Amino acid sequence: MFNADDLKKEFLADIESAASEIQLSDVWKKYLSKTGSVQKLMTGIKEVAKEEKKAYGQFVNEVKTWVQEKYDEKKARIEAFELEQKYRREAIDVTVPVKRRPVGNLHPLTAVKHEIINVFAGMGFEVFEGPEIEDDDHNFTRLNVLKDHPSRDMQDTFWLTEDLLLRTHTSPGQIRVMDSKKPPIKVLVPGKVFRSDSDATHSPMFSQMEGLVVDRHITLCDLQGMLDEFVKNLFSDAAKTRLRPSYFPFTEPSVEVDVSCFKCGGAGCPLCKGTGWIEVLGGGVVNKKVLANCGIDPEQYSGLAFGIGIERIAMLKYGINHMGKLFENDVEFLKQFKA
Ligand code: DAH
């Protein structure tokens, strides 16, 4: 009665040749959209005689369902195909050998510095950093290093002007902390220091770690307690310290601190030169004059201080015999310190 064979034929040809989602959407526009030919068939109902309208409507619906079905089938096929293509494009061959990129490691000095900070941070120390260019006042005078002290000599200190110099130790950090903070004080001052000195165990630039504690009733015992903890953590559980009398202008009394030889356990070996002990740092009870120089009442407060040479600790810990090795940046040498 009604005939849509031409439309169907054309549609079949179109849907057959559609090979992508874009082409498919053109087919949809041509047949199934509001302005498409199937919809046009529907509007043709106006011209159909009244008694035939129902049958015509049914007929158009059947055509529409048929077109829609064919369209959906093709759409599903194209989508599956395109997905397959995408998977193919994005496929990763997990059997291809990977290019291994070398992973770096911390420089032994950085590693030792972190280790020292970690030990003291566990005892409540904070980290403070001061400038590498210092003045006479902070580097010497207020640390009670008087005008004629030999360490001021041209042979040791790199002077920049009459008053400015490259700091010769991290001890001026003590003055800067006490100037800016009231007791209780518990700080570490890490940093580079400079002295005109160069041989197997000395370098014109090296690193130190200063420690300072100021509070009521601080004694030399507190210093030894903290340093025992320090050597146990850095060297070995069995390590002990020994304090020997010494002299520094900024501490009174002053001590030189030895650690029991972690190689031979104290029996005597080449590392400890047969003595069973290795010198690791200097320290003492903060000189009352230094506290007073920073406006801290020495009758109420006392302090302890120590200065650790970071290169020295690294050399002992890793058995490095020449300090220069720590500054050459020879990758083959540095690679050995992978944690
Ligand atoms: N500043 C000293 C040096 O460079 C090391 C030192 C000794 C630091 C005793 C201190 C200390 O704080 O109490 O040789």
Side-chain angles (χ1 to χ4, degrees), residues 113 116-117 120 123 125-132 134 136-146 149-153 155-158 165-179 185-198 201-215 218-227 230 241-259 279-291 293-294 296 298 301-313 315 323:
K113 179 172 118 177
I116 300 175
I117 290 177
F120 285 103
M123 294 185 244
F125 280 71
E126 292 173 281
V127 173
F128 170 88
E129 284 185 67
E132 288 173 10
E134 269 295 3
D136 180 299
D137 190 55
H138 289 85
N139 197 83
F140 293 129
T141 308
R142 283 210 282 162
L143 282 165
N144 195 39
V145 183
L146 301 176
H149 195 277
S151 67
R152 290 191 176 212
D153 202 311
Q155 276 157 23
D156 264 324
T157 307
F158 290 113
L165 49 93
L166 296 181
R167 67 178 172 197
T168 59
H169 50 180
T170 43
S171 304
Q174 294 188 28
I175 305 294
R176 292 190 176 269
V177 169
M178 287 190 276
D179 275 352
I185 290 171
K186 226 176 184 184
V187 289
L188 285 181
V189 187
K192 291 196 174 76
V193 301
F194 307 85
R195 281 181 213 175
S196 181
D197 206 353
S198 187
T201 54
H202 295 87
S203 148
M205 180 197 78
F206 58 107
S207 338
Q208 286 187 336
M209 179 83 70
E210 194 79 13
L212 173 72
V213 176
V214 183
D215 204 344
I218 297 293
T219 70
L220 205 57
C221 290
D222 297 303
L223 177 68
Q224 186 158 26
M226 286 175 183
L227 295 179
F230 162 69
T241 59
R242 174 176 82 172
L243 308 188
R244 275 181 296 109
S246 183
Y247 173 77
F248 298 102
F250 27 89
T251 40
E252 179 57 41
S254 300
V255 291
E256 212 76 78
V257 182
D258 297 340
V259 60
E279 185 190 324
V280 280
L281 57 100
V285 171
V286 179
N287 193 317
K288 287 184 178 196
K289 286 187 195 155
V290 175
L291 293 179
N293 286 342
C294 298
I296 293 176
Y301 292 102
S302 56
L304 62 85
F306 54 88
I308 307 174
I310 299 182
E311 283 78 3
R312 181 163 169 74
I313 301 287
M315 288 169 77
M323 199 189 266

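Both counts, for ligands and for their atoms, begin at 1 and track the order of listing. Just so it is clear, the model here is predicted, and its values are computed rather than measured.
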Work out whether the distance between some heavy atom of Glu256 and some atom of ligand 1 is less than 4.0 Å. no

Pro172 and Glu134 have their tightest heavy-atom pair at CB-OE2, 3.5 Å

What protein heavy atom is closest to atom 13 (O) of ligand 1, reported as residue, atom name and distance in Å? Thr251 CG2, 3.0 Å

With respect to atom 6 (C) of ligand 1, which of Phe206, Phe250, Tyr247 exhibits the smallest heavy-atom separation? Phe250

Backbone N or O of Gly173 within a donor-acceptor pair of the Arg167 side chain at under 3.5 Å? no

Nitrogen or oxygen of Phe248 less than 3.5 angstrom from that of ligand 1: no

Which heavy atom of the protein is the closest neighbour of atom 5 (C) of ligand 1, given with residue, atom name and distance? Gly307 CA, 4.1 Å

Any donor-acceptor pair under 3.5 Å linking the side chain of Glu210 with the backbone of Val189? no

Checking side chain to side chain donor-acceptor pair (under 3.5 Å) against Arg152, which of Thr168, Thr157, Thr141 comes through? Thr141

Less than 4.0 angstrom from a charged side-chain N to a carboxylate O is my criterion; do Asp137 and Arg142 meet it? yes

For ligand 1, the portion of Ala305 having any non-hydrogen atom under 4.0 Å away: both

Numbering as shown, the atoms of ligand 1 that approach Gln208 to under 4.0 Å (heavy-atom distance): 3 (C), 4 (O)

For Pro190 and Glu129, the nearest pair of non-hydrogen atoms, with its separation, is O-CG, 4.0 Å

Please determine which of Lys289, His169, His138 meets the side-chain contact (heavy atoms from CB on, under 4.5 Å) test together with Leu143. His169

Within 4.0 Å of some non-hydrogen atom of Ser171, the atoms of ligand 1 are 1 (N), 8 (C)

Heavy-atom distances under 4.0 Å are what count here, so tell me which part of Phe306 touches ligand 1: side chain, backbone, both or neither. backbone

Candidates Gln174, Glu210, Arg195, Arg167; heavy atom nearest atom 3 (C) of ligand 1 found on Arg195

Please say whether Thr168 places an N or O atom under 3.5 Å from an N or O atom belonging to ligand 1. no

For the residue pair Gln224 / Thr241, report whether a side-chain donor-acceptor contact shorter than 3.5 Å exists. yes

Taking heavy atoms and a distance under 4.0 Å, where does Met209 meet ligand 1: side chain, backbone, both or neither? neither

